Every structure is written in structure tokens, then in C-alpha cells.
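Heads up: the structure comes next, in C-alpha cells.
The structure displayed is predicted, hence computed values, not measured ones. So you know, we letter chains A, B, ... as the sequences are listed, proteins then strands, and number each from 1.
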There are 2 protein chains.
Amino acid sequence: MTTDNAAAPRRRGAVRTEELLRVTFELAAEVRYSDLTIAAVARRAGVGKHTIYRRWSTKSELLLDALHRALGPALDYRDTGDVRADLREQFIRSSAALLSPAIWPVYRAVIIAAQDDDALRERLYRQFLAVIEQHTLDRLTSAQRAGELVADADLGYPAEVLCGALYYRGLLSTRPIDEAAIDGLLDMFMAAYAASP
Amino acid sequence: MTTDNAAAPRRRGAVRTEELLRVTFELAAEVRYSDLTIAAVARRAGVGKHTIYRRWSTKSELLLDALHRALGPALDYRDTGDVRADLREQFIRSSAALLSPAIWPVYRAVIIAAQDDDALRERLYRQFLAVIEQHTLDRLTSAQRAGELVADADLGYPAEVLCGALYYRGLLSTRPIDEAAIDGLLDMFMAAYAASP
DNA sequence: TGTCAACGGCACTGGTGGTGCCGATAGCAT
DNA sequence: ATGCTATCGGCACCACCAGTGCCGTTGACA
């Protein structure tokens, strides 16, 4: 009996970290939130629990880190001079990214975990939601300066409302987030704030 | 002898049931979601776990039942002929009810639990969210008939958006749901849909 | 080649959801 | 008033989890 064998060599450091994040996404996409456990991630990765706790002190930390690495680029806004078209393109693109089967399970897990943890909720808002709101607001302000939107409107609420409606569908409603929904949102927004010709 | 009331014979069960629901609200208001356990409810009520499982097959059932009993009345709409004032009054009143320290912890717990359970999510939407949306839509349609709102608008999205914005703040944003927020929402809505004089 | 931190495995504590079994008791019919 | 029976509380039990400690192994770098 030979000492086997073809078993994968034990990986360390950064390589393990990447693999653990990958496994986290994989598992989050397959199981329910209550089964998305540190122990389960460790089992699937063929790793001791210590190897996870050494990197992230809580499950929330792991999830937030995973999300952060996956989301970076999807949140940029174009400015072509047509604010409705830009918003439409941006909402379709970012909702597709956030709600993709790869990312949404982790995103939702963070949202759930944040309901128990004020510090995490603060980080979630600051690192993701506030960023999206601010980018939206920036684009709206630019449109306002360009005369596309009425000059005296407070655009803070609309930026929040546009985002909020999408999360409402994702978390609570049973209706899908599709282009029709986004067009419906934008119809309401433009009816309220488009500058009269 | 009248047709005997096989429906609600006041057994010791009913008294216990009321007490268990009361304890559930009490505990939900005090501890984090992850500590809102069947065992904890049983302990505080001085009851065996069986006494709970005999009534509700899962924690979700218990929470949904508790919520259902507590929320009934808060969801009615007035119709005074001034749609903005009616919506304002209704949103302030219903958000105060939903977000009260007594109810919101249980409501939020149901929302969290629903993320793991499609059937519960369907019931949550049908029994609460869809009811609120529909009442809002009914009031909007009435206003449309009365000539307060533009005649050709599709009011389905606005009804959803108005609700969605509040849940966004309650679950995700770190900003409060106050009268200023509700006025901001209504400003946007009225700017989009108020009939021109 | 040697060193040492990172690693995987195992065990342990204290908690959970959920079930089974027990003897006690409350409430109803008689 | 008495007895019958479902409900009750208590306890033990299973499988699983978060989180920590210990130990022998191993891989990467000096």
C-alpha cells in the first residue's frame, strides 16, 4: 500500500483565499441561507474551519469580502447626454449584475446578515447602496445642469426611489425585475422631472 | 341545545396560544433575529417546545401568524377627495404601525425567513405586501376617476414604488422613515401624475 | 536543506431545530 | 363527583452549527 497519491497538494495563502471565495459563491448559489455555513464552506473546500476563521472573523466578513471583489466594475455610469437612456442602460446593467445567479445569493445573504448586525448594515449601505445612489444622483445632477431635468427639483429622493424599487422586487415582491419594470420606473421619474420643452 | 361550537371551544389551548404569540412579540423586540428561536420562546413562556410545535409547524408559521393577528386594521384607506392628503395620512399611519417597536421586529423576521422559503415568501407577499399595494392602487384609481390624476397613466408602478421606497429604508438604508421622506415620495408622485388644472 | 507559519483533522463547549417518551393535569361528558 | 383523554411540561436524544484549542503535517521561502 503506497502512500498515496494524486491528492491535490495542500495550498496556502492567497491561492486558498481565492478558492474559498469561489466556493462561497458556489455554495451560496446552491443552498438556502440557513445552510450557507462556515462549516459547509470548509467541507466543500476540503479545509479546516481554522483556515477560514484565520481570514475572516465572522461569516459576515466572508460574505462582504466576496461581494466586494465581485461587484466593483458594474456600478459605473455613462453620460451620453440622454439621461433617460443612460439611466435605463445603467439600471438594466447593474440589476443584471446584482441579480445574476452568481452574485445575488451572496448579496442577499449579506442583506440578511446585516439585519442582525448594525455595523455590517452600515458597511453594506456605505460600500454598496450609497455608492449606487450617489452615482445615480450625480448623473441626475449632470442632467439637471444640462437642462434635461427641471432646475429646482430635489433629486435626492428620486435617486433613492429608483434604487429602492428594485430591491423591493428582489427581496419582497414576487414579480420579476425586467426591462418593463425599469421602463415603468423611468416613466414615472421622467413624468415628474423632465424639463418641459 | 344550539349547534355546539365545535369551532372554538375555549380549551386551555387558546389561552396558551395567545400567550405564546405575546411572548413572540416580546422576544422579537428584545433580541436579534438569530436569537429569536423556538427554544427561547418556549423558555420564556415556561413551556415545552412541543407546545409550540403542536400549534405551528415551523418558526415561519409562528411569525406569520403573529404578524397576521397584529396587523389587520392598519391597512385601510380613507377617501376624502384629496388623494395626496389621503396617501400622506395613510403612509404615515401604516409605516408607523409596521415600524413600531412592537411589530417591525416580527415583520422583519418574516421577511428574513421568507428569503429561505418560497412558500412563505409567496404568503408574505399575498397576505401583506400585495394587500397594501392593492389598497394604494384602489385609492389612486379612485383619484384618477375623480380627475385628480392624469387619466391615461398606468398607476401600477407608482403604487409599487411608493411601497418599495419605504421597505428600502426599513431594511437597507440607514436613513429614517419620517414625514419628510414620505413628503419627498409624494412630491415625486404628484409631479408625475397630478392632473394639470 | 532547514525552519516555521500555515495547514487539516479532531475534539470540545454551548447552542439550535426537531422528535420521542414520560407522568401530570385540566377540562369535558357522563 | 368521577372518570376519560387530549394537552401539558420535562427530559433525553439526534444531528448540526459557531467558535476555539491542540497536534502532527507540509509547503514555501531563506
Side-chain angles (χ1 to χ4, degrees), chain A residues 2-21 23-24 27-28 30-65 109-110 112-113 115-117 119-120, chain B residues 1-21 23-24 27-28 30-65 109-110 112-117 119-120:
Chain A
T2 64
T3 57
D4 52 22
N5 85 343
R10 199 186 269 185
R11 299 184 197 161
R12 304 162 66 99
V15 179
R16 263 278 178 265
T17 302
E18 295 300 325
E19 190 184 338
L20 289 170
L21 290 168
V23 167
T24 300
L27 197 63
E30 290 177 24
V31 305
R32 300 180 307 165
Y33 176 72
S34 57
D35 294 325
L36 181 60
T37 65
I38 296 283
V41 173
R43 262 198 308 275
R44 174 168 302 207
V47 146
K49 283 192 286 183
H50 270 314
T51 304
I52 293 179
Y53 284 112
R54 207 172 284 123
R55 291 168 166 79
W56 304 279
S57 61
T58 65
K59 182 163 74 173
S60 306
E61 295 288 332
L62 167 60
L63 294 173
L64 201 63
D65 192 17
V110 172
I112 294 172
Q115 302 301 320
D116 257 7
D117 179 342
L120 178 63
Chain B
M1 139 174 144
T2 61
T3 53
D4 63 348
N5 46 356
R10 197 169 167 78
R11 303 193 167 186
R12 49 185 163 166
V15 179
R16 266 276 176 268
T17 302
E18 296 300 326
E19 190 185 338
L20 290 170
L21 290 169
V23 168
T24 300
L27 197 64
E30 291 177 23
V31 305
R32 299 181 306 166
Y33 175 73
S34 58
D35 294 324
L36 180 60
T37 66
I38 295 284
V41 173
R43 263 197 307 274
R44 174 169 300 207
V47 146
K49 283 191 287 183
H50 270 314
T51 305
I52 294 178
Y53 283 113
R54 207 171 283 123
R55 291 168 168 76
W56 303 279
S57 61
T58 65
K59 184 163 72 174
S60 306
E61 295 287 332
L62 167 60
L63 295 173
L64 199 63
D65 192 16
V110 172
I112 295 171
Q115 302 302 320
D116 257 6
D117 178 342
L120 178 65

Exercise for the section: May I ask you to establish whether A:Lys59 and A:Tyr33 are in a cation-pi arrangement, using a distance under 6.0 Å from NZ or CZ to the six-membered ring centre and at most 45° from the ring axis? Expected result: yes

Practice task
Looking only at side-chain atoms of A:Tyr53, point me to the closest of C:dG8, C:dG18, D:dA18.
Solution key: D:dA18

Handout entry: For the student: nearest non-hydrogen atoms of A:Leu64 and A:Val110, plus distance
Key = CD1-CG1, 3.8 Å

Handout entry: Student check: side-chain heavy atoms of B:Leu63 and B:Leu36 closer than 4.5 Å
Key = yes

Exercise for the section: Can you check whether any acceptor in the base of D:dG21 is under 3.5 Å from a donor in the side chain of A:His50, or vice versa? Expected result: yes

Problem - Interatomic distance where CG belongs to A:Asp35 and P belongs to D:dC16 [whole Å] - result: 11 Å

Problem - Residue B:Ala39, side-chain heavy atoms: nucleotide from D:dG9, C:dG17, D:dC17 that is nearest - result: C:dG17

Exercise for the section: Considering just the side-chain nitrogens and oxygens of B:Arg55, establish if one lies under 4.0 Å of OP1 or OP2 belonging to D:dC8. Expected result: yes

Exercise for the section: Compare side-chain N and O positions of A:Arg54 against OP1 and OP2 of C:dC7 and report whether any pair is under 4.0 Å apart. Expected result: yes

Exercise for the section: Please state how far atom NZ in A:Lys49 lies from atom P in D:dC17, giving the value in whole angstrom units. Expected result: 9 Å

Practice task
Answer whether the closest heavy-atom distance between the side chains of B:Lys49 and B:Arg43 falls below 4.5 Å.
Solution key: no

Practice task
Establish, with yes or no, whether the OP1 or OP2 oxygen of C:dG9 is under 4.0 angstrom from a side-chain nitrogen or oxygen of A:Arg43.
Solution key: no

Handout entry: Separation of atom NZ in A:Lys59 from atom P in D:dC17, rounded to whole Å
Key = 10 Å

Practice task
May I have the distance from B:Leu20 (atom CG) to D:dT7 (atom P), rounded to whole angstrom?
Solution key: 14 Å

Exercise for the section: Please state how far atom CH2 in B:Trp56 lies from atom C1' in C:dG17, giving the value in whole angstrom units. Expected result: 16 Å

Fill in the blank from the handout: Separation of C:dG17 atom C1' from B:Asp117 atom CG, nearest Å, is 15 Å

Practice task
Check the distance between D:dC16's P and A:Leu36's CG and give it to me in whole angstrom.
Solution key: 17 Å

Handout entry: Separation of atom CG in A:Leu62 from atom P in D:dG19, rounded to whole Å
Key = 11 Å

